[in-house]
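Have a look at the structure below before the remarks.
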Amino acid sequence: MNARIRSALLGLGLGVAPLLLLDLAGTLRDAVERDPAGTSYWWVAACYVGAGALSGAGLLAGARDRLLAAVALVVLLVGVLPWLPLTGLTWLARLPLVPFGSGGFDTIGVGFALAGAYAYVLVRGKGR
């Protein structure tokens, strides 16, 4: 497989996966509040740990591969920006890339923090 295609696909996955895990954590947290016998807060914690691990791995890989960092940054912004109360960005919610997300505070907050981290890695590049 071509290195650029691999980087773009990895960036896509590393941008979408943390947002999906955070959205799953919100859904599981709501399920625990509704029916404590149905699931456990350990699954919520596992989703947060998984999102953190994927994000850390993505940031390390993005420091070596700028295309990966750029794709992940764009995906994170496209996934998070529709949930902000801005008038010009409502069309982003209709993209097929953004069917996920309930607009929860943790998903939006962590998504923007990750976007900032990927932007920093993109600008900074390889460590010297």
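From a predicted model like this one, the values you see are computed outputs, not experimental measurements.
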For Val75 against Gly15, the heavy-atom pair lying closest together: CG1-C, 3.7 Å
Heavy atoms only: give me the nearest Leu21-Gly50 pair and the separation to one decimal. CD1-C, 3.6 Å
Taking all non-hydrogen atoms of both residues into account, name the closest pair between Leu12 and Val71 and its distance. N-CG1, 3.5 Å
I'd like to know if Val49 and Val32 are part of one continuous hydrophobic network [Ile/Leu/Val/Met/Phe/Trp/Tyr, side-chain heavy atoms within less than 4.5 Å]. no
How long is the straight-line distance from CG of Leu77 back to OH of Tyr118, given to the nearest 0.5 Å? 12.0 Å
Could you measure the distance from the CG atom of Asn2 to the CG atom of Leu9? Nearest 0.5 Å is fine. 10.5 Å
Look up atom CG in Leu73 and atom CZ in Arg66, then write down how far apart they are to the nearest 0.5 Å. 13.0 Å
Between the CG atom in Asp65 and the CZ atom in Arg4, the distance rounded to the nearest 0.5 Å is 9.5 Å
Taking every heavy atom of Gly111 against every heavy atom of Val80, the minimum-distance pair comes out as CA-CG2, 3.8 Å
Here the gap from Leu10 atom CG to Ile5 atom CD1, rounded to the nearest 0.5 Å, amounts to 12.5 Å
Below 4.5 Å, heavy atoms only, C-beta onward: do Leu114 and Pro18 meet side chain to side chain? yes
Return the minimal non-hydrogen interatomic distance between Ala69 and Val121, and the atom names on each side. CB-CG1, 4.3 Å
Over all heavy atoms of both residues, which pair between Leu76 and Ala115 is shortest? Give the atoms and the distance, please. CD1-N, 3.8 Å
Just verifying a value: how many Å separate Leu24 CG and Leu19 CG, rounded to the nearest 0.5 Å? 12.5 Å
Just wondering, more than 12 heavy atoms not from Tyr120 lying within 6.0 Å of its OH? no
